[in-house]
Each structure stands twice: as C-alpha cells, then as structure tokens.
Amino acid sequence: MNVLIVFAHPEPKSLSASLRNVAVQELEAAGHTVQVSDLYAMRWKSEIDRADFPSLSPDERLLPVAASKHAFDSDTLTDDVKTEIEKLLWADTLILQFPLWWFTMPAILKGWVDRVFAYGFAYGVGEHSDKRWGDRYGEGTLVGKRAMLIVTAGGWEEHYSPRGINGPIDDLLFPINHGILYYPGYEVLPPYVTYSTDRFDEQRFEAAAEILRDRMRTLETTRPIAYRRQNGGDYHIPTMQLRAELGDPGTSGFALHLKEAADADMGFQHPGQLLARR
Ligand code: FAD
C-alpha cells in the first residue's frame with residue numbers, strides 16, 4: 001500500500017516528529033511505501049493568491065473558485081500544487097498529522113488543503129442537477145482511498161469527552177474528517193488522538209507510540225467512520241437536508257450525519273467505538 005503523510009510541525013525534534021517517525025517505521029516494516037510532505041521543511045506557501053494563477057491577467061479580478069477551476073482544467077496549477085495532487089493520486093491512504101492549535105489544524109496545513117484540493121479535483125466534481133449534487137460525501141475523485149488524522153492535543157482527554165468543556169473531539173474534528181476528507185471521497189478512519197502532550201515523558205511517549213504502531217498495523221482493516229452517503233437516498237436534493245424519518249430521536253448536530261447504529265454495524269464504525277484512540 002502507498003501511504004502519504006502530510007505533516008505540519010515546525011520542529012524536527014518535536015513530539016509530533018517523533019510520532020511521525022514511529023508511524024513511518026511501522027508502515028515500512030509492514031512493507032508499505034511511505035512519502036512524507038513535511039510542510040514546514042518544504043516551506044509550503046499556505047495562502048491562495050494571484051501567484052497561484054499565472055494565466056490570470058493583472059487587471060482581471062481574482063475569483064478563487066473560478067480561477068481554481070480554470071487552472072485545473074487547463075493544467076496550469078502551479079508545480080507545487082500539481083506535485084501534491086500527484087502524491088494524493090498515488091497514495092492509497094492519506095494521513096494528516098498535526099498538533100491541535102486553537103482547536104483545529106495549523107494554518108500551514110489548512111493552506112495545503114486550500115491550494116491542493118482544487119476545483120475539479122476535490123470539489124466541483126460530477127453532475128450538479130436537481131437529481132444529483134455532485135460527486136461528494138462518499139463519492140468523488142478520491143473514492144476507494146482511506147484517510148486518517150494523527151493529532152496531538154495539549155488538553156486532557158476528559159476535556160474533550162462528550163461533556164468536556166472543549167467540546168467532544170469528534171465534533172471538533174468533524175469539519176476536517178467529514179468536510180475535508182469524506183467530501184472528496186475518502187473513507188475516513190477514526191482519528192488517533194493523544195492528549196496531555198505537554199506533560200509527556202519517556203513512559204507516556206512509549207505508551208502513545210505503541211497505540212500508534214497498532215493503528216498503523218491495522219490501517220487496512222480498521223472500519224471507517226459510518227458517515228452517510230450524500231447520494232445514497234438519505235438526503236433531500238437539492239436542499240441536502242437529512243430526511244425527516246432518519247436519525248435516532250434526540251440526535252442533532254454533526255452526529256446526524258452518522259448512520260444509525262444498526263446500519264453502522266454493516267462494516268462501518270462510529271468514531272467513539274475505537275478503543276485504541278487515547
Ligand atoms: P512538543 O512541544 O515537541 O513536546 C511536548 C512534550 O513532549 C514536551 O514536554 C517534550 O519534552 C515531550 N517530548 C517530545 N518528544 C518526546 C519524545 N520523543 N519522548 C518523550 N517525550 C517527548 N492544545 C489543545 O488541547 N487545544 C488547543 O486548541 C491548543 N491550541 C494551541 C495553539 C497553539 C498556537 C499552540 C502552540 C499550542 C496549542 N495547544 C492546544 C497545545 C498543543 O496541542 C500541544 O502543545 C501540542 O500538541 C504538543 O505537540 P508537539 O509535537 O508540539 O510537542
């Protein structure tokens with residue numbers, strides 16, 4: 001299997017870098033081929049601006065969506081973006097690894113998504129009509145591939161539990177897991193999250209590393225999160241609202257977009273069910 005790790009931490013001696021090394025070592029030991037996009041080391045340009053669209057004339061207004069579509073269609077995306085798209089097409093599994101900064105990914109990684117997930121590649125794919133709303137959420141360019149997050153968080157696990165003050169970790173990561181990864185077609189595995197990282201020592205590191213090794217060993221067999229498919233009949237088109245008869249009574253918010261437990265048993269997984277997430 002080909003695995004791409006997109007890594008966002010500025011310090012090569014960080015805890016995140018040590019965990020990345022653990023993941024790479026375990027994957028390679030299992031015979032997988034791994035590429036790492038180390039965004040800080042690559043000095044990744046994170047902002048979308050005119051420089052991304054060299055074919056745009058200086059007096060033309062920049063419309064980022066239209067410019068992205070034109071650049072993808074005409075094969076005029078910049079070389080750094082094209083290289084990352086090639087890596088995504090090469091990889092059977094994508095891993096995004098980052099420290100949780102202000103409850104989400106660092107800006108450099110968000111900027112990688114903004115620029116690499118181009119129109120026609122990651123969004124704006126498929127037929128848009130009164131019967132279909134494009135190929136997304138379970139369909140799309142990256143269908144058949146898997147994706148997963150490796151996250152370090154300074155806060156305690158309890159702070160991210162269902163009643164924790166920070167909000168449940170699955171809610172905080174929903175915009176990434178569902179909005180960025182499931183959207184263009186990835187099957188999304190439950191995230192690996194390690195907590196209280198600012199208190200790490202050798203013993204805690206070894207415990208976290210062992211869980212991560214296990215997640216890498218089971219990358220091909222771990223059941224994905226049971227998100228509903230957009231075009232599977234669960235949603236009204238074009239309002240894209242979940243049909244009234246679906247969803248467990250009392251469920252609201254992000255959790256509505258998970259299949260009910262009975263369906264989830266058919267080869268899917270709810271994020272909270274994975275014991276290995278510590
Ligand atoms: P490092 O800082 O590199 O290391 C953390 C600890 O692990 C250190 O004590 C270090 O000595 C030890 N360590 C490193 N490598 C090893 C090793 N190989 N073996 C043993 N010990 C090791 N946290 C939240 O929970 N929520 C937030 O919203 C949030 N926002 C943040 C915003 C910013 C801008 C910043 C800077 C931090 C934020 N944090 C937040 C905390 C952040 O998530 C943690 O600092 C981060 O996850 C730690 O990962 P790291 O790779 O940077 O660790």
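Since this is a predicted model, take the numbers as computed values, not measurements. For this chain, numbers begin at 1 and follow the sequence in order. One-based numbering, in listed order, for ligands and for the atoms of each. Quick note: numbers below take in every heavy atom, side chains included, and nothing from hydrogens, waters or symmetry partners.
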Using side-chain heavy atoms (C-beta onward) and a distance below 4.5 Å, is Lys69 in contact with Val65?
no
Row check, Phe7 ring normal vs Arg20 NZ/CZ: under 6.0 Å, within 45°:
yes
Taking Asp80 first and then Lys45, would you say they form a salt bridge - that is, a charged N and a carboxylate O separated by under 4.0 Å?
no
Under the ring pair (Phe, Tyr, Trp, His ring centres under 6.0 Å) test against Tyr195, which residue among Trp156, Phe200, Tyr160 passes?
Tyr160
Are Tyr182 and Leu246 joined in one hydrophobic group, where the rule is that I, L, V, M, F, W and Y side chains link up if heavy atoms are under 4.5 Å apart?
no
Would you mind listing each N/O atom of ligand 1 next to any protein N/O under 3.5 Å, plus the distance?
{"from": "ligand 1", "atom 1": "3 (O)", "to": "Leu15", "atom 2": "N", "distance (Å)": "2.9"}
{"from": "ligand 1", "atom 1": "18 (N)", "to": "Ser18", "atom 2": "OG", "distance (Å)": "3.1"}
{"from": "ligand 1", "atom 1": "19 (N)", "to": "Glu202", "atom 2": "OE2", "distance (Å)": "3.4"}
{"from": "ligand 1", "atom 1": "23 (N)", "to": "Gly154", "atom 2": "N", "distance (Å)": "3.2"}
{"from": "ligand 1", "atom 1": "25 (O)", "to": "Gly154", "atom 2": "N", "distance (Å)": "3.2"}
{"from": "ligand 1", "atom 1": "25 (O)", "to": "Gly155", "atom 2": "N", "distance (Å)": "2.8"}
{"from": "ligand 1", "atom 1": "25 (O)", "to": "Tyr160", "atom 2": "OH", "distance (Å)": "2.5"}
{"from": "ligand 1", "atom 1": "26 (N)", "to": "Tyr160", "atom 2": "OH", "distance (Å)": "2.9"}
{"from": "ligand 1", "atom 1": "28 (O)", "to": "Trp102", "atom 2": "N", "distance (Å)": "3.2"}
{"from": "ligand 1", "atom 1": "28 (O)", "to": "Phe103", "atom 2": "N", "distance (Å)": "2.8"}
{"from": "ligand 1", "atom 1": "30 (N)", "to": "Leu100", "atom 2": "O", "distance (Å)": "3.4"}
{"from": "ligand 1", "atom 1": "30 (N)", "to": "Trp102", "atom 2": "N", "distance (Å)": "2.8"}
{"from": "ligand 1", "atom 1": "39 (N)", "to": "Leu100", "atom 2": "O", "distance (Å)": "3.3"}
{"from": "ligand 1", "atom 1": "43 (O)", "to": "Leu100", "atom 2": "O", "distance (Å)": "2.8"}
{"from": "ligand 1", "atom 1": "43 (O)", "to": "Gly154", "atom 2": "N", "distance (Å)": "3.2"}
{"from": "ligand 1", "atom 1": "45 (O)", "to": "Asp198", "atom 2": "OD1", "distance (Å)": "3.0"}
{"from": "ligand 1", "atom 1": "47 (O)", "to": "Thr152", "atom 2": "O", "distance (Å)": "3.0"}
{"from": "ligand 1", "atom 1": "47 (O)", "to": "Thr152", "atom 2": "OG1", "distance (Å)": "2.8"}
{"from": "ligand 1", "atom 1": "47 (O)", "to": "Thr197", "atom 2": "OG1", "distance (Å)": "3.3"}
{"from": "ligand 1", "atom 1": "49 (O)", "to": "Thr152", "atom 2": "OG1", "distance (Å)": "3.3"}
{"from": "ligand 1", "atom 1": "51 (O)", "to": "His9", "atom 2": "NE2", "distance (Å)": "3.4"}
{"from": "ligand 1", "atom 1": "51 (O)", "to": "Ser16", "atom 2": "N", "distance (Å)": "2.8"}
{"from": "ligand 1", "atom 1": "51 (O)", "to": "Ser16", "atom 2": "OG", "distance (Å)": "2.6"}
{"from": "ligand 1", "atom 1": "52 (O)", "to": "His9", "atom 2": "NE2", "distance (Å)": "2.6"}

Provide the full list of ring-ring contact (aromatic ring centres under 6.0 Å, His included) pairs with a residue in residues 80-109, sequence neighbours left out, each pair given once.
none
